[in-house]
Amino acid sequence: MASFLSHMLGLTKSNADVPRVELKATAVLRRQRTIGVTEPFYNLADSISDALGNDVECTLVSEEIDRATGDGKGSKVALMEGSWLFSTDADTEDDGNEFHSLTFMVEEDFGEPGAILIKNHHPNWFFLEHVTIHMPSGSDVHFQCSSWVYPNKDYGDIPRVFFSNKVYLPNQTPKGLLHLRTLELQQLRGSGTGKRKQQDRVYDYDVYNDLGNPDEDVDFTRPVLGGSEKYPYPRRCRTGRDMTKADPKSEKPTSQLGLIYVPTDERFDHIKRSDFLGSSIKSFLHEVLPTIQKDLQGNDDFDNFADIKKLYDDGLKIPKDQLKPNLSKEEKDHEFKDAFEIIRELTDDDDPEDGTLLKFPLPQILQDNETAWSQDEEFGRQSLAGLNPLAIQRLTVFPPKSSLDPSLYGPRESALTEAHIENYMEGLTVTEAMQRNKLYIIDYHDVYFPYLERINKLEGKAYATRTILFLSKQGTLKPIAIELSLPVTVKGKPGKKNRVVTPNADSAHWDLAKIHANINDAGVHQLVSHWLRTHCVIEPFIIATHRQLSAMHPLYVLLVPHFRNTMNINALARKLLISADGVIEKTFSPGKYSMEMSSVAYKSWRFNEQSLPSDLLKRGMAVKDPSAKHGMRLLIEDYPYAVDGLDIWWCIEEWVKDYVNYFYKDAMVVQGDSELQAWWKEIKEVGHKDQKEGWPDLKGTSELVEVLTTLIWMASAHHAAVNFGQYAYAGYIPNKPTMGRKLIPEDDDSSSDDRHLLRSNPVAYFMRAWSRQSQAVEVMAVIEILSTHASDEEYLGERTKTPFWSSDKDLLRAFERFSYSLTTVEESILQRNKDPSLFNRRGAANLPYTLLIPSSGAGLTGRGIPNSTSI
C-alpha cells in the first residue's frame, strides 16, 4: 500500500519529464468553528502551518491506468491556495464556506479525473464541501465530498480519498480507481479493536451495553441488549470504551455529550449545531429542571386543569440565582447551549430581560377547542391521525386472546364478552360487525403484562390494556370497551385480574380507563413506534452502508441523505433519553424496564413488514385491490396516516424504481453486485444478527426496490409521522400522559382513600393519577425540542446538502419528477384537510393532519418530512 500511495502522491520520478498541462480547480470548505464564529487562533495556526510548508496537499487521480505502474495516473501534488488567516467577501459565502483554488499539473493524456487524495498538514480540521475540476473542454468534474478532513497525522499519514460524482457498480469500476475503492472501504471498517477517538472514521458494531451506570449506583445496572435470546436487539456503533468495575459486561458511559464517539462524518454540521438538540436537552435536564424541582418541593402535583394551563398562559419563573450553567470546556467548544439560551428558546412569548420565564407554547390540540381532547370520538380519531397511528388493528377474533405462555402469565382468554359491547354497535352483533370490518382493537396486553408486577412496584402504575373501537356509519371511531389486566396469584399459580370498563360505566372510571389506555399507548409509541422502528433499527443499515458500499456505488449515493445525523442523535439518546435514570425512565410508567420492553418488541419486528403497504395488510387495515389507488383499499377510508402515507410511499417507490432500473438492467446484475450482496449479508448476519426472520433475498430488481423503498420510508416518512406531532398531542399531559401513578380503585374497596377521593373530587384524583408537575415539564421540554425542525433541515425531495450529488442528466430529471410528485401530494393533503366530510382529518379539536406534508419551515410546525431520522 505504501508504494501505491507514494506513486499517487507524485513522489516517484518515473514520469518527471512527461509534458504536463494545468487543470484549475476550486475547493469549497468550512473550517473548524467554535460558538458559531471562526476562532482567530485556529486561522493563525493554519496560516503559520502554511508558511512553514505544512500545507493541504492534493493529488488528482485519473480513471485511466498508468501502464508503468498498473495504477491510476496521478497528478503532481497541488496545494490549496488562498489565505488561511483572512478571507475576503469574494472568498466566503454567507454560510461561512470558503473558496480555495487548486492547480493540478497532469499529463496531456491524463483522462477523466476520478479521485482526489488529500493530506491536511494543518493542525486543525475542516469540512470539505466539494471540489470542482475545470476541464479544458469547458465542462466541470465535481467531487461531492461532504466530509471532515482531520490533520493527516490522525489518519496514520494515509491520505483521504474522495471520488467524483460519477458512480459505478463494482464490476464497472475504472481500472485506475479499483485499488482506491478497496482501500477506502478497508479504512472505514477498521480493525474492530481499540477505543475510538473523535477523529476516527471507523464504522463497526456493538451491542447496547452502555445504557446502565452501575459504578455510580447499583440500581443503575441494566441488562445488555443484543447478543442473547432473552434480550435480542439491533447493533449500535462500536465505541470501544472501558468497561465498568461493577459490571464487566457494561461499557462506561461518557461524561460529556460532545465526547460520545460516532464516525466524524456522522456528527451534526455547524449550522445544525447552532440549535443543537443534544445540548438543549442536557442543559434543561441538568440546569433548569433541578431548579424547577427544588422550587416545587412539597407541591409537585397539579391541583386542577387550570394549573396545567398555567404552563402556557403564565409560565414558570426560574430563580436566576439558582441557575448554575455547568457546561464543560469541551461542550462549549462543541457549541452546547447554556440554561439561559434554552429557556429563551422554549418560551412562547418574549421573556423578561433576564430570560428566566419558562413559558411553553400552547399545544395544537388545545388551540381551537380546549376540551375536545377528552371526547371519545377524539380518542378514536387520534388512533388514525394522532401521535401513534400504527397500533390500531382490525379485530378478527373475539374475544381476543393472549399469545403469552399461560404457565407463566395465566389464562390467555380475555374477559371481554359480547354483552360488554353489544349496545354500542348500531344494532349489529359482534360477528356481523367483524364481517363488515366495523370492529378494531388497540391491544397492548402482551407488551405490558409480563412487566406489570415489576412496574407497579415503582412509582409508575400501569395495566395491560385492550381497547375495542367501533367504526360508525359516519366513518368515525369510538372506543366502546377497555379491558384492564393485572397479574395475580391464584392458589400459587400465575393468573390475571381482568376488568372491563365501558362508556356507560361511572364517567370517572371510563375517563380513567382511557387515561390508562393512553399511558400504555405513550409508552409503546416512544419505545417501539418511534425509537425502535426508526432510530434503532436503522443504525445497522448505516454502519453496513459505509463498510460495504463504496462512496462511488450508486446505492451509497441514493441512501446517504436518509442517514444524515441519525447515528449522532442515537448516541445522544443513549446518553440522555433511554439510559438508566434518563428521561424515559423518569417520566414513563415502565421506568427502568423501558428498554427491556423495547427488546421484547424487537422479537416480533420483521423488516419485510416495515413497508407501509405490508404494515397495513398485517394489521388488517387494508386489502389488496388492483382497482384501488396504489392497489390498496383501506377498510377505514378516512384514515389520514394511511391515505397520506400511501401517496408518499408511492412517490418514494417510483423514484427508487427509476434509480434502480437505471443501474440494474436485470436480476443478474443485482445478484452479481458484490458490494450490494455483502451489504445485505452483513445487515442480516451482523447488524441485525438476533433477528433471523423477515429478510427477503435480493434476487432481482423488484426485491431491491422494495428493500430500498422500505428503508427510505422508515428513515423519513415513518419517523416524521411519529416524531413531529409529539408536542402537538403530548405537550398537553392529560391528552397523552406518559406516567400513571394510581390504579383505578376497585368497586369492592369501600374503605379506600383513593375511592373516597375519586368520588368526592375526581379532578383531584386525576391530577394524582398521572405525571407530577416536574415530570410533565420534563416531558414537555424534551418533546418540544424533539418536535422542532432545525433551520438547516433537508426535506424529502431535496438534495440541498449535496448540490453536486450527480451530474447525470437522466438521474437529475428522475429526481425532479420525484420532487414534483411530492409537491403534488402536498397539495392533495391540504385539499383533503379542507374537506368537511373527512372528519378524521381535523376532528372536534379542529387539528388538521399535517404530519406527512413533505415540506416545512424551521420551528415547531407539526409538518415536514426530513430526509432522515435526524432528531
Side-chain angles (χ1 to χ4, degrees), residues 274-327 331-332 336-367 370 373 459 576-577 581-583 586-587 726-739 741 763-764 766-788 859-860:
S274 69
D275 48 2
F276 191 23
L277 63 109
S279 68
S280 300
I281 294 173
K282 179 183 184 294
S283 291
F284 180 83
L285 297 180
H286 294 281
E287 299 168 39
V288 180
L289 186 62
T291 304
I292 294 172
Q293 290 171 330
K294 183 178 179 180
D295 192 53
L296 291 173
Q297 276 185 348
N299 186 32
D300 203 7
D301 285 325
F302 293 110
D303 291 330
N304 48 50
F305 288 101
D307 242 13
I308 301 174
K309 191 73 184 323
K310 286 179 182 178
L311 295 173
Y312 321 111
D313 295 339
D314 301 329
L316 293 169
K317 181 70 176 178
I318 311 295
K320 186 176 182 180
D321 58 350
Q322 293 183 27
L323 282 177
K324 298 177 180 179
N326 61 353
L327 294 180
E331 288 170 334
K332 290 178 181 177
F336 280 31
K337 299 176 179 179
D338 63 30
F340 301 105
E341 292 177 280
I342 299 311
I343 292 173
R344 284 194 292 271
E345 292 197 2
L346 290 176
T347 191
D348 189 33
D349 296 327
D350 293 335
D351 290 282
E353 290 184 4
D354 63 1
T356 55
L357 179 65
L358 180 59
K359 184 179 177 184
F360 288 95
L362 189 67
Q364 287 171 288
I365 191 67
L366 298 180
Q367 287 181 8
E370 291 188 2
W373 65 271
E459 179 185 16
L576 294 174
L577 302 180
D581 204 38
V583 173
K586 290 190 294 186
T587 61
Q726 289 192 83
Y727 191 79
Y729 289 98
Y732 184 57
I733 288 295
N735 183 61
K736 191 63 67 174
T738 61
M739 172 69 79
R741 293 190 293 135
V763 170
F766 290 164
M767 297 300 132
R768 287 151 184 78
W770 53 47
S771 308
R772 292 180 279 109
Q773 283 198 66
S774 57
Q775 290 171 326
V777 169
E778 183 171 354
V779 170
M780 290 164 63
V782 171
I783 64 173
E784 182 185 349
I785 294 166
L786 295 177
S787 301
T788 300
L860 197 66

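This structure is a prediction, so every number in the text was calculated from the model and none was measured.
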When every non-hydrogen atom of S774 is compared with those of L296, the smallest separation belongs to N-CD1, 4.0 Å
Grab the two heavy atoms, one from S771 and one from R741, that are nearest each other, plus how far apart they are. C-NE, 3.9 Å
Closest approach of S787 to L860 (non-hydrogen atoms, all atoms of both residues): CB-CD1, 3.5 Å
Sidechain N-carboxylate O distance under 4.0 Å for D300, R768: no
Would you name the heavy atoms of Y312 and G731 that are closest together and state the gap between them? OH-O, 2.7 Å
Presence of salt bridge, E370 and K309, under 4.0 angstrom: yes
With a 4.5 Å heavy-atom cut-off, do L316 and D295 have their side chains touching? no
Roughly how far apart are I318 CD1 and T291 OG1, rounded to 0.5 Å? 6.5 Å
Straight-line distance of I783 CD1 to Y729 OH, nearest 0.5 Å: 12.5 Å
Pairing of K310 and D314 as salt bridge, 4.0 angstrom limit: no
For Y732 and W373, take the angle between the two ring planes, folded into 0 to 90°, and tell me which bin it lands in: parallel under 30, tilted 30 to 60, perpendicular over 60. perpendicular
What's the separation between atom CD1 in I785 and atom OG in S280, rounded to the nearest 0.5 Å? 5.0 Å
Under 3.5 Å side-chain donor-acceptor pair for Q773 and E778: no
Check T587 against M739 and note the closest heavy-atom contact, atom names and distance. O-CB, 3.4 Å
Compare all side-chain heavy atoms of L577 with those of I281 and state whether any distance is below 4.5 angstrom. yes
Could you go step by step and tell me if N304 and F302 meet the side chain to side chain contact (heavy atoms under 4.5 Å, CB included) rule? CA-CA 6 Å; N304 48 50; F302 293 110; over 6 Å; no
Can you see which heavy atom on D303 is nearest to which on V763, and at what distance? O-CG1, 4.4 Å
Roughly how far, to the nearest 0.5 Å, is the OG1 atom of T738 from the CD atom of Q775? 7.0 Å
Decide side chain to side chain contact (heavy atoms under 4.5 Å, CB included) for L786 and Y727; before the verdict, give the C-alpha distance in whole Å, the side-chain angles of both, and the deciding distance to 0.1 Å. CA-CA 8 Å; L786 295 177; Y727 191 79; over 6 Å; no
So does R772 get a backbone contact from the side chain of D301, meaning a donor-acceptor N/O pair under 3.5 Å? no
Could you grab the distance from atom CG of L576 to atom CG of L285, nearest 0.5 Å is fine? 6.0 Å
The reported gap from CG in D313 to CD1 in I308 (rounded to nearest 0.5 angstrom) is 12.0 Å
